[in-house]
Amino acid sequence: MPYSIGYTGRMNYLESLNEMQKEAVLHTEGPLLVVAGAGTGKTKTLTHRIIHLIKKGTDPRSILAITFTNKAAKEMRERVIAMLGTDDHIPTMSTFHSLGVRILRDHHTKIGVNKYFNILDSQDKGTLIKQAMRIQDINPKEWEPRKIASTISRAKSNEETAETYTANKNPLTSIVKIVWPEYERLKREEQSLDFDDLLSETYFLLKKHPEILAQYQSRWQYVHVDEYQDTNTIQYKLVRLLVDQHKNICAVGDGDQNIYSWRGADMKNILNFEKDFPGAKVVLLETNYRSTQIILEAAHEIIKKNNERIDKKLVTDNQEGKEIALYEAFSAHQEASWIATQVKKYIDEGTEPKDIAVLFRTNFQSRILEEAFLRKALPYQVVGVKFFSRKEVKDVMSYLKAAFNNDSLSDVKRIINEPKRGLGKVAVAKIFAGRISDLPKKQLESYQKFSELLDDIYQFALTHTPSDTIRHIVKATGLEKKLGEGTDEDKERLENMKELVTYATKYDDLENAYDIFFEEVALLSDQDSLGSNRKDSNTVKLMTIHSSKGLEFKYVFVSGLEQGLFPSQRDDALTKHEQEEERRLCYVAFTRAKEMLHLSYAKLRTIYGQERINVPSEFVRDLSSHLVVEAGENYDDDEGAVETFYLDF
DNA sequence: GGGTAGTATATTTTT
DNA sequence: TATACTACCC
Ligand SMILES: Nc1ncnc2c1ncn2[C@@H]1O[C@H](COP(=O)(O)OP(=O)(O)OP(=O)(O)O)[C@@H](O)[C@H]1O
């Protein structure tokens, strides 16, 4: 056994699996689909299957596992390493996007970008779209750049390109047809790719170059895809290409947890699996190991109302459990206070903060919850606070990226006048038009100094670690001095830059530290960002339901269960399909809970400074009364009362 | 070129 | 409410 590890050949890692799970694990050759409801051990089965392949003697490097988030990939990696007891020669475990980056970096010449191509975040993307619109004389006021961006994005994940895209009756599509090619041109000029390119360019690369495809096909003999129900067309096609020769694909998913159709995820992929891969073995898992009977019954009452689904059985040997607590708050403020009070009670009773999560439909809801947690001095972490999209952090990253890649215009533009160097709009335009000699003497000097600074950073980086270099940037640019002498806000910005130094130390000992650092920062989902690798990760997690996918917590609070907020509705009435997706989202939310679920809603909520009166969510009304108990009837929110009092004047 | 005050406009959800 | 953008002045 070339890769046998530690203990004997006895297959003790199989002992923790049930019969159906074992069947899936032992079926190693040919297509395999595991479809099952929440908490039935799909991810666990997938992880064990990887271990099994390795223990059988498969070269770990020939195994590929694709997960939905970087965090999920990281967790799987850790679990596999722990079970194997070694971390050399481990399988490739990553998201579709980081897989794309790796493949594209290896073959960057084929797609005409340099090795350090930049990955645009949604902000940069918006800027570029607006720029393209201006060039094409389209008014960004008249046509929303965001809508154009998301149309392009959807089209790309549907295998379309700027050339193949055709406009339809919707006037927006004609605008897209004009803007898209310009956007592509600008993007290329900047040596950048957007998120969707990471998938589509990879797909087109492999399709166009059979010799490159063959190389990856033979490298990865066993391919695994988690959360298969949320794959989009291009991801699906990419998978088909990769497994085309050996058909060793193991897909795992749950149609009821398809919650990303708004960005192209297509449930058809999982429904058609047996057609796509003839002879596929299908394993159904029916035993839930996560939640109490009451929680599962509630989740089923929600999901059974959907029509676009196949009814699944879900049973558990777990206890019946406590009834679901339902709290009707007068205001959003009071709702947050109540949640914080319950959380505090749990922590005081000895519950670990990290075993508790508060979920919500939209990001802005986190704010008021956060305030309540601060008042009660509870340890919490908002998953999804985008540390890396803060201006000051992006600025420092841009210095570093520009030092490595002088062509990265978006980075250079960001920092050429930050801190102020007397190079404004006009001067910058001259510089990028190549008319440097037209600059007045003072600005020319300023520009030369800036170039030298980038060069100095690059030279420094060659002999120092990422964290040292970032520290150097903060100093050498003068940002440290400027911000250190500034307002409290400036000082906080400086703190964030230092936080970035701390974060970067993670990469200091790696080979190709800078490559990996750039890639990871660009692809970081808000799942990980900061904290997850710090000592203070034992905190209550506040996050959207979308980001809670795949996770589990002992105690879960689902807040803001108000008609219009969850299910979410903006201008037009929801289509049938959208209604069902909201329902699936609710199913995901409920099934995160292991022991106890808490639901709450506020009759009054302020959105954009406008007070709104709410009706309880239909999801609350769907639950049978024997599952639910009204909570907090005597709950007295003193802080809230004070505020209400003053509000009257 | 740089700063500021006034306005308009948005929040689903994310890799 | 909070940010993004613009117009205008120094
Ligand atoms: N055979 C088993 N015996 C005991 N516990 C199990 C078994 N299988 C899974 N579990 C436990 O059940 C929980 C859910 O497992 P897992 O996260 O793999 O489920 P999942 O199907 O991927 O869930 P989801 O669809 O919500 O992502 C985990 O805590 C896991 O350890």
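Below, chain A is the first sequence line, B the second, and so on; all start at residue 1.
- The nearest whole Å value for the distance from the NZ atom in A:Lys74 to the C1' atom in B:dT15 is 17 Å.
- Taking atom CD of residue A:Glu580 and atom P of nucleotide B:dT13, one finds them 22 Å apart after rounding to whole Å.
- A:Phe96 places its CZ atom 11 Å from the C1' atom of B:dT15, with the value rounded to the nearest Å.
- Distances shorter than 4.0 Å separate some side-chain N or O of A:Asn417 from OP1 or OP2 on B:dG2.
- Of the candidate nucleotides B:dG2, B:dT11, B:dT15, B:dT11 has the atom nearest to the side chain of A:Phe364.
- In this structure, the aromatic ring of A:Tyr260 is not positioned over the six-membered ring of the base of B:dT14 within 5.5 Å between centres and 30° between planes.
- The shortest distance between the side-chain N/O atoms of A:Thr69 and the OP1/OP2 oxygens of B:dT14 is not below 4.0 Å.
- Using a 4.0 Å heavy-atom cutoff across all strands shown, A:Thr362 reaches sugar-phosphate atoms only and no base atom.
- What separates CG of A:Asn232 from P of B:dT14 is a distance of 16 Å, to the nearest Å.
- Counting any heavy atom pair closer than 4.0 Å across all strands shown, A:Arg146 reaches sugar-phosphate atoms only and no base atom.
- For the OP1/OP2 pair of B:dT11 and a distance below 4.0 Å, the side-chain nitrogens and oxygens of A:Arg361 include no atom meeting the criterion.
- Protein atom NZ of A:Lys442 is 13 Å distant from nucleotide atom C1' of B:dG2, rounded to whole Å.
- Note on A:Lys130: only backbone sugar-phosphate atoms sit closer than 4.0 angstrom, heavy atoms only; bases stay farther off.
- Here, B:dT13 and C:dA4 have their C1' atoms 22 Å apart, quoted to the whole Å.
- Here A:Phe566 lies out of heavy-atom contact (under 4.0 Å) with every strand.
- Within the structure, every pair that satisfies the side-chain hydrogen bond (donor to acceptor under 3.5 Å, both in side chains) test and touches residues 421-436 of chain A, not counting sequence neighbours, is listed here: A:Tyr399-A:Arg421, A:Arg435-A:Asp438.
- Think of the region where chain A sits on DNA chain C: with heavy atoms and a 4.0 Å cut, that region ends 5' and 3' at C:dT1 to C:dC5.
- Residue contacts shown for A:Gln443 are limited to sugar-phosphate atoms, with no base heavy atom under 4.0 Å away.
- When each of A:Ile607 and A:Ala427 is assigned the nucleotide of DNA chain B bearing its nearest heavy atom, the one mapping closer to the 5' terminus is A:Ala427.
- Residue A:Thr151 holds its OG1 atom at 11.0 Å from CD1 of A:Ile175, rounded to the nearest 0.5 Å.
- A:Phe590 has its ring centre no less than 6.0 Å from the ring centre of A:Phe619.
- Ranking B:dG1, B:dT13, B:dT15 by closeness to the A:His97 side chain, first place goes to B:dT15.
- In this structure, CD in A:Gln579 is found 12.0 Å from OG in A:Ser568, a value given to the nearest 0.5 Å.
- Atom-to-atom, NZ of A:Lys482 to C1' of B:dG2 comes out at 12 Å; the value is rounded to the nearest Å.
- Comparing A:Gly422 and A:Glu578 along DNA chain B, the residue whose closest nucleotide (by nearest heavy atom) sits nearer the 5' end is A:Gly422.
- Relative to the side chain of A:Lys420, the nucleotides B:dG3, B:dT15, B:dT14 differ in distance, and B:dG3 lies closest.
- In this structure, A:Arg134 CZ and A:Ile129 CD1 are separated by 12.0 Å, a value rounded to the nearest 0.5 Å.
- Between A:Phe364 and A:Phe360, the ring centre distance reaches or exceeds 6.0 Å.
- Between A:Glu581 and A:Arg584 a salt bridge is recorded (basic side-chain N to carboxylate O distance below 4.0 Å).
- The environment of A:Lys147 atom NZ is sparse: at most 12 non-hydrogen atoms of other residues, nucleotides or ligands sit within 6.0 angstrom.
- The nucleotide whose nearest atom lies closest to any side-chain atom of A:Thr95 is, among B:dT11, B:dT15, B:dT14, B:dT15.
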